[in-house]
Amino acid sequence: MLTCLKQTDLNWSNFLYDDSERIIYLIDFGAARDYPKGFVDDYLRMIWMNTKRSKL
């Protein structure tokens, strides 16, 4: 079964940005939870669709 981790503590100090590769790394797994891939796919789809509706 494939699962995915999601960080549940949105503190920016839990992440590290690599400017040369343009990748964000999670560096603190203390507040990460394991979710099924289907749940994460649906969650990301919902966020993606909402960003497309943004009028910013």
Side-chain angles (χ1 to χ4, degrees):
M1 172 190 259
L2 181 61
T3 59
C4 300
L5 288 176
K6 181 181 178 316
Q7 175 60 276
T8 59
D9 178 4
L10 299 179
N11 184 336
W12 289 109
S13 65
N14 293 331
F15 302 92
L16 178 66
Y17 180 68
D18 183 338
D19 193 39
S20 64
E21 295 188 35
R22 300 184 65 185
I23 295 176
I24 299 173
Y25 292 98
L26 174 61
I27 58 174
D28 179 357
F29 291 92
R33 290 192 52 198
D34 192 27
Y35 291 95
K37 184 181 182 319
F39 174 83
V40 174
D41 289 345
D42 290 344
Y43 178 81
L44 293 174
R45 189 176 302 111
M46 178 188 66
I47 291 174
W48 177 256
M49 291 177 74
N50 279 300
T51 61
K52 291 299 184 184
R53 295 182 194 162
S54 177
K55 303 293 183 195
L56 296 178

Would you indicate whether the side-chain heavy atoms of I27 and F15 approach each other to under 4.5 Å? no
Does any non-hydrogen side-chain atom of K37 lie less than 4.5 Å from one of F39?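 No, their side chains stay 4.5 Å or more apart.
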Residues which pass side chain to side chain contact (heavy atoms under 4.5 Å, CB included) with N11, listed by chain and number, not counting sequence neighbours: D9, S13, N14
Side-chain donor-acceptor contact under 3.5 Å, R33 with Y35: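 Judged by distance alone, the side chains do pair up.
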With hydrophobic residues grouped by side-chain heavy-atom distances under 4.5 Å, do L16 and W12 end up in a single group?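 In one cluster: no.
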